[in-house]
Enquirer: 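First the structure, which I've put down as structure tokens, then a few questions once you've had a look.
Counting starts at 1 for both ligands and their atoms, in listed order. Just so you know, residue 1 is the first one in the sequence shown, and it goes up from there.
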Amino acid sequence: MTGDRLARTPPMGWNSWNAHSCAVTEADVRAAADALVDTGLRDVGYEYVVVDDCWMAGETDDAGRLRADPDAFPSGMAALADYVHDRGLKFGIYSSAGSHTCQGYPATLGRERRHAEQFADWGVDYLKYDNCGDHRGRDAVDRYGAMGEALRAVDRDIVYSICEWGESAPWAWGRNVGGQLWRVTDDAVAKWTTGDEFGLGIADIVDRVAELDIAAAQAPGGWNDPDMLQVGNGPESGQSRHEPTDIERPLSPVENRTHFAFWCLLGAPLMVGTDLTDARGDVLDLLTNEHLVAIDQDPLGLQGTPDRREPTREVWSKRLRDGAAVALWNRGEAPADIRVHVDETSVPTAGDRYAVLDCWTGERWESLGELSATVEPRGTAVFRVTPGDYSAASSTS
Ligand code: GLA
């Protein structure tokens, strides 16, 4: 079906990969669906429950159709989709635009129609489509285009998540092949920065997004995807154990906060990647921070961009329907005073006074344009700034 109505705001949900990696079972997915309801995450907008790699059996059937792994998913994918739908959520699945998935399971290249029909029959609402396996000499636009066409041909709305890691500039063609989101980097790992290891840390991804300078590619219905959230994760999470990256400790509370704040400021898809059956209260509070989620889900759909980048102090902002979000990031190892005037940011500067909301504390005040904060090491102050006086803005957001 036509995807024009899909993902008008960045998709939100949960994906199995970062939490469970290749050991995922249907019990894990059901537990995640239940947890989205019980924790209140569903009610703030997290709606897709996506099973990543390793759900399929090692062989297709004789017609080349994918089969669920009989041990890990004994009830089958249609039953799992029903379970997810019964909880008011949507169901997502994974395959790859190659002969095999990244973990070596059968994938979709050359069988796009058949698999799209299977997915539609099962009640799939979201497809994450990876870039592993043999490409048989076909370029990315051709391979991702074939699946986009197959998804358009089935009688079901399926969000198309292009996971091509930014290798052939998917921001330039992702929308044209029917995609609603496209990965722009390598995989995120649960670490602040990585060196030559597998994957990118949180700060590395923000740097990469700044360098790519692709904000113009993003608008409602088409999202730059800096990868799934590692909020709440550390050495014990599934992906950390699976990948070769050396992860010594969990992301700290302040690193989690900066990570989530930046994904919201970027207007990124928010796919939770932690085990929600075991998540700490501060992690759940962060993921449900209504002020940040509102910045992510702002109807204009713009990507935040850097206004100022210094070695330890950065200022980023994102224009919103009624003003802008401004983030002051301390990349250093000591507390830092960071100040900026709204003139230097995306805040519309028609007026002479601004209502300011601190997205961490919920405090509100009025400013003549100056914004400042003492920011803890690796921390980020986030303000929602609305032209006009405090009383005019205090009823919104
Ligand atoms: C790739 C993707 C990840 C995940 C794994 C699964 O690395 O980028 O997001 O889907 O494959 O094998």
Enquirer: Which of the numbered atoms in ligand 1 are below 4.0 angstrom from a heavy atom of Arg183?
Expert: 8 (O), 9 (O)

Enquirer: Identify, for atom 2 (C) of ligand 1, the protein heavy atom at the shortest distance, and state residue, atom and that distance.
Expert: Asp130 OD2, 3.2 Å

Enquirer: For Asn289 and Arg257, does a side-chain donor sit closer than 3.5 Å to a side-chain acceptor?
Expert: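 Looking only at side-chain atoms, Arg257 and Asn289 do not form any donor-acceptor pair under 3.5 Å.
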
Enquirer: Examine ligand 1 and decide if any of its atoms is less than 4.0 Å from a heavy atom belonging to Gln239.
Expert: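 Contact check Gln239 vs ligand 1: negative.
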
Enquirer: Is there a polar contact, in the sense of an N or O pair closer than 3.5 Å, between Trp165 and ligand 1?
Expert: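 Yes.
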
Enquirer: First locate atom CD of Gln297, then atom CG of Leu320, and finally report the distance between them rounded to the nearest 0.5 Å.
Expert: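 So the gap between those two atoms works out to 12.0 Å.
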
Enquirer: Output yes when the distance from some N or O of ligand 1 to some N or O of Asp227 is under 3.5 Å, and no in every other case.
Expert: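 By distance alone, the answer is no.
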
Enquirer: Looking only at protein heavy atoms, identify the closest one to atom 9 (O) of ligand 1 and say how far it is in Å.
Expert: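 The answer is Lys128 NZ, 2.7 Å.
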
Enquirer: What atoms of ligand 1 come closer than 4.0 angstrom to any heavy atom of Cys102?
Expert: 1 (C), 11 (O), 12 (O)

Enquirer: Would you say the side chains of His85 and Asp125 form a donor-acceptor pair under 3.5 Å?
Expert: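 Note: His85 and Asp125 side chains meet the donor-acceptor criterion.
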
Enquirer: Please confirm whether the backbone N or O of Glu197 pairs with a side-chain atom of Thr245, one donor and one acceptor, at under 3.5 Å?
Expert: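 Judged by distance alone, no pair lies under 3.5 Å.
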
Enquirer: For atom 8 (O) of ligand 1, grab the closest protein heavy atom and report residue, atom and distance to one decimal in Å.
Expert: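 The closest one turns out to be Asp187 OD1, 2.6 Å.
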
Enquirer: Find all atoms of ligand 1 within a distance of less than 4.0 Å from any non-hydrogen atom belonging to Gln103, and give their numbers and elements.
Expert: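 Ligand 1 atoms under the 4.0 Å threshold to Gln103: 12 (O).
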
Enquirer: Of the side chain and backbone of Cys163, name the one, both, or neither that has a heavy atom under 4.0 Å from an atom of ligand 1.
Expert: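 Within the 4.0 Å criterion, Cys163 contacts ligand 1 through side-chain atoms alone.
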
Enquirer: Measure the acute angle between the ring planes of Trp173 and Tyr144, then classify it against the limits of 30° and 60° as parallel, tilted or perpendicular.
Expert: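 Tilted, since the angle between the ring planes falls between 30° and 60°.
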
Enquirer: Only one of Arg331, Arg378, Arg308 clears salt bridge (Lys or Arg N to Asp or Glu O under 4.0 Å) with Glu314; which?
Expert: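 Exactly one pass, corresponding to Arg331.
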
Enquirer: Return the closest protein heavy atom for atom 4 (C) of ligand 1 as residue, atom name and distance.
Expert: Asp52 OD1, 3.5 Å

Enquirer: I'd like to check whether Asp53 has a polar contact with ligand 1, where a contact means an N/O of the residue lying under 3.5 Å from an N/O of the ligand.
Expert: yes

Enquirer: Within 45° of the axis and under 6.0 Å from the centre of the six-membered ring of Tyr83, does NZ or CZ of Arg87 qualify?
Expert: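 Yes, Arg87 and Tyr83 form such a contact.
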
Enquirer: Once you round to the nearest 0.5 Å, how far does OH of Tyr354 lie from CD of Glu366?
Expert: 11.5 Å

Enquirer: Just say parallel, tilted or perpendicular for the rings of Trp192 and Trp329, cut-offs at 30° and 60°.
Expert: perpendicular

Enquirer: Return the residue, atom name and 0.1 Å-rounded distance of the protein heavy atom closest to atom 5 (C) of ligand 1.
Expert: Trp17 CE2, 3.7 Å

